[in-house]
Every structure is written in structure tokens, then in C-alpha cells.
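Model, not experiment: these values are computed from the prediction. Each chain gets a letter, A, B and so on, in the order the sequences are listed, and its residues count up from 1.
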Amino acid sequence: MTEEILAGHLQELRRGTVVVACLSLLQSPQYGYSLLETLNKAGVEVDTNTLYPLLRRLEKQGLLTSEWNTEDVRPRKFYAVSEDGKQVLDVLLAEWRTLDKTLNSIAQGDKQ
Amino acid sequence: MTSSTAQTLSERYIAEVARRLPEAQRADIAEELRGTIADTVEGRIAEGGISPETAEREVLNELGDPTVLAMKYRDKPAHLIGPEYFPSYVALLRALVPVVPTIVGVVVIISALINDSPVWSAVGQGIGAAAQVVFHIFFWVTLVFAFYERKAGRAPKGLVDEWTPDKLPNHVKATRVGLGEFIWSLVGIAMIALFLLWQKDHSYLLNADGNSVALFHPDLWHGWIIAIYLTLAAFVVVEIAKYRTGHWTYSLAWANGVANAAFVAVLAGLTLTHRLVNPAFIATIETEINQPDVTNLVTWAAANFWVLIGIIVVINCAQAFLKAREAELTYG
């Protein structure tokens with residue numbers, strides 16, 4: 001198995017988790033750069049050039065709201081999860097837990 | 001903060017992204033990007049020991065090609081034709097590319113010959129026209145599909161069909177007639193077509209003046225050649241249909257029979273009006289080669305020509321029906 005294959009599968013597995021992490025973290029409003037820092041510190045790997053377009057897309061879908069804050073050192077766009085976004089987050093988290101349970105029982109079933 | 005050169009670098013980057021965005025989003029995204037770059041650069045400098053210029057360069061490098069970033073913001077496909085349309089795209093090209101250029105090429109060759117162009121010039125014109133048609137087909141089909149790829153949810157009916165189990169063929173398809181067999185059949189037909197043109201000026205038989213003597217009657221070039229090429233085209237159509245179906249069927253065998261009948265009809269017409277073999281050809285053999293053996297062989301071949309043609313035509317038709325029956329028994 002080459003490293004490229006492994007990297008490809010890992011990336012595919014992580015793809016949807018960035019959305020869940022963003023919706024979770026944005027229950028308290030943050031601007032892009034601080035969200036990126038929080039995500040990276042928490043171990044969620046995401047690039048700047050992926051996160052910002054993602055935030056725009058979630059906002060367009062109505063899952064996030066945004067507001068410019070001009071009181072800081074420089075103008076910053078703060079994002080927060082909307083009501084719709086919270087509902088989506090609940091469903092996604094429930095799905096995540098189900099997947100975790102399912103995959104665990106499959107993996108343990110293999111060992112027995 | 002950042003030096004003036006570093007500022008121009010990031011401003012140039014932001015401008016490169018912004019000008020590729022829809023106007024409604026342009027200012028907003030540019031402003032956010034400006035803040036992000038500044039925040040990230042400050043973070044890098046605070047982390048330790050690099051100059052503002054290096055930090056800025058690093059950050060822009062990580063953001064990557066502005067074209068790509070703009071594309072991510074626009075959320076438009078970064079491919080010409082995606083997986084949804086690709087099968088229809090290929091299917092349409094496969095239907096058009098073998099047929100249309102061939103027809104155009106043949107028509108151009110025939111009309112050039114009717115206008116008394118030299119043979120090789122006519123062939124050249126035909127190939128040139130066919131090649132142009134190939135380019136046009138690729139260009140316009142690709143353009144239309146790339147357009148629909150970008151008009152999500154507006155696929156016209158027929159461009160992309162919903163697949164249902166009803167679309168399955170009503171029998172298990174045979175292993176396809178091989179591509180090699182298909183190509184050889186086409187090469188064979190093409191060789192007959194080219195031989196007819198070639199023999200006009202390049203027969204090895206030379207008369208007393210040193211000019212080559214055509215095997216077939218000169219009247220061939222007054223209309224008859226069109227009939228001959230049309231029957232050859234009919235054989236090409238049968239071959240294409242057979243290759244696409246993957247095996248002989250009864251309808252294909254009948255079509256093949258019709259093509260053979262047309263071929264025989266044209267030859268019969270030529271024979272009955274004494275327009276098949278060039279009389280000068282036999283005369284030249286008698287006078288120039290002047291060997292009784294050769295003359296006898298040629299006259300024998302001319303006399304028994306119909307027997308030979310008859311055998312070939314019967315074998316060809318019978319084979320098609322036998323293979324169609326075999327295919328029907330195997331695959332229902």
C-alpha cells in the first residue's frame with residue numbers, strides 16, 4: 001500500500017467532518033481565521049483555501065449567518081450557526097454516532 | 001506591520017481572486033481575504049523569527065493559485081464535462097464521428113470526380129473535408145455539453161436519460177464482434193474503393209504510347225461510379241451496425257443481402273451495357289504483351305467473372321444468415 005492511497009482514503013473519510021466541526025464550533029460566533037486556528041488546534045486538518053469557500057457555501061445554504069465586525073483592529077466577518085444550521089448539526093451528529101457504533105461493531109465482529 | 005512591497009503582493013493576489021468572482025460577491029470576499037491574509041501573516045510573525053516578507057510569501061503560497069481559489073468560491077465545476085453527462089457525451093460522439101465524416105468525405109470525393117478533378121486531388125479533398133467535420137463534431141458537441149454542465153438542473157430531456165431496468169437489452173449480449181474484425185472489414189471495403197480510383201491512371205498495363213490502360217471501362221466515370229460507391233457505403237453501414245450490435249442479426253443479414261443485391265444489380269447493368277471491362281485493356285494485352293497464355297487467362301477470367309462474383313455473393317449472404325441464426329440460438 002502506497003502512502004498516496006492511504007492519504008486519499010483518509011481525506012475521503014475526513015471530508016464531511018469539517019462541516020460538522022464548523023457547525024459545532026460556530027454556535028458561538030467566530031471569524032474565519034480564529035475558526036481555522038481552533039479547528040487546527042483541535043486536530044481537524046483543513047486548509048485556508050478550503051475553509052473560506054466552505055463557509056460561503058454554508059452561508060448560501062442558510063446554515064450559517066454572517067456579520068461584519070468593524071470594531072476590531074481590522075474588519076472581520078463573523079459567522080454563526082443559524083436555526084437551520086443547528087437542526088442540520090443535530091442530524092449530522094446523530095448520524096456520526098450511529099456510524100461510529102456501526103463501524104465499531106463491525107470491527108469487533110471481525111475480531112471475534 | 002507589513003512592508004509596502006509585501007502589501008502590494010497580497011493586494012495583487014486579492015485582485016487576481018476578486019476579478020474572477022461575480023460582482024455581487026467581489027468586494028465582500030476581497031475584504032474578508034484581506035483580513036485573513038493579514039491575520040495569518042501576523043500569526044506567522046508572532047510564532048517566531050521570520051520577516052514579514054517571508055511570512056506574506058508563505059501565506060500566499062499556501063492559499064495557492066488565485067484562479068483555483070476563485071473557482072472554489074464560485075462553486076462552479078472545475079471540469080469541462082462531469083460524470084453525469086460524460087456517458088451521453090461519449091455516446092453521441094461515438095454515434096456521430098464514424099458516420100458523418102465518412103458520408104461527407106465520400107460525397108466530396110464523388111463530386112470532385114464528377115467535376116473532373118484528378119483522382120488523388122479528389123481523395124485529398126475528401127479526406128480534408130472529413131477531417132474538418134471530425135473537428136467540428138468534437139468542438140460543437142463538447143461546447144453544448146460543457147454549457148449544460150454549467151446549467152445545473154436544466155438538462156433537456158433526451159440529453160441525459162433516466163436509466164431504468166427496461167433499458168436492458170432483451171438478451172445477454174454476445175462477446176462483441178472484435179474491433180480488429182471490424183477494422184479489417186472497413187479496410188477491405190476501402191481497398192476496393194481505392195482500387196477503382198487507382199486503376200484509372202495507375203494500371204501497370206501500358207499501351208504503345210506508354211500510357212497506362214485502365215482495367216475498367218471509361219464510362220464508369222459517367223455516373224456509374226456513384227452507384228458503385230453507394231453500394232460500398234451500404235456495406236460500410238452494415239459493418240458499423242454489426243459492430244455496434246456486437247453480432248449478426250436477421251435484420252442485419254437482410255440488409256447485407258440487399259447491399260449484395262444492389263452490388264450485383266450495378267455489375268449486371270455494367271455488363272449488359274458492355275461497360276464493365278475496358279475493351280482497350282484486353283486489346284492492349286493482346287497487342288502489347290502478345291502471349292497467348294496471358295490473353296487466354298484474361299479472356300477466361302472475363303468470361304467466368306460472373307461465376308466468381310456469384311460464388312462470393314452467395315457465400316457472403318449465406319454466412320450472414322447462418323451467423324445470425326447462431327447468434328439467435330445462443331442469445332435468444
request  = Could you go through the salt bridge (charged side-chain N to carboxylate O under 4.0 Å, His left out) check for E67(A) and K77(A) one step at a time?
outcome  = CA-CA 6 Å; E67(A) 208 176 327; K77(A) 197 174 188 182; over 6 Å; no
Side chain, backbone, both or neither of L33(B) within contact of chain A (heavy atoms, under 4.5 Å) =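 Nothing of L33(B), per the 4.5 Å heavy-atom cut-off to chain A.
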message = Please classify the contact between E32(B) and chain A as side chain, backbone, both or neither, with a heavy-atom cut-off of under 4.5 Å.
response =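 Both parts, backbone and side chain.
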ask   = So F182(B) and Y243(B), would you call those rings parallel, tilted or perpendicular, with 30° and 60° as cut-offs?
value = parallel
Parallel, tilted or perpendicular: ring planes of W140(B) versus H136(B), cut at 30 and 60 degrees = parallel
inquiry  = Quick check: do L9(B) and R12(B) have side-chain heavy atoms less than 4.5 Å from each other?
reply    = yes
request  = State, with a plain yes or no, whether a side-chain heavy atom of V20(A) is found less than 4.5 Å away from one of W96(A).
outcome  = no
task = To the nearest 0.5 angstrom, please state how far the CG atom of N49(A) sits from the OH atom of Y73(B).
result = 9.0 Å
inquiry  = Looking only at heavy atoms and a cut-off of under 4.5 Å, which of L63(B), T40(B), D39(B) has the most pairs with chain A?
reply    =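 Between L63(B), T40(B), D39(B), the count favours D39(B).
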task = With a 4.5 Å cut-off on heavy-atom pairs, point out which of E62(B), K72(B), R74(B) contacts chain A the most.
result =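 Most heavy-atom pairs within the cutoff with chain A belong to K72(B).
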note = Exactly one of V81(A), L93(A), L58(A), L63(A) clears side-chain contact (heavy atoms from CB on, under 4.5 Å) with V88(A), and that residue is L63(A)
task = Compare every heavy atom of E16(B) with every heavy atom of P66(B), then report the nearest pair and how far apart it is.
result = CB-CB, 3.7 Å
query = Is any residue of residues 21-45 of chain A within less than 4.5 Å of chain B by heavy atoms, and which ones?
reply = Y31(A), Y33(A)
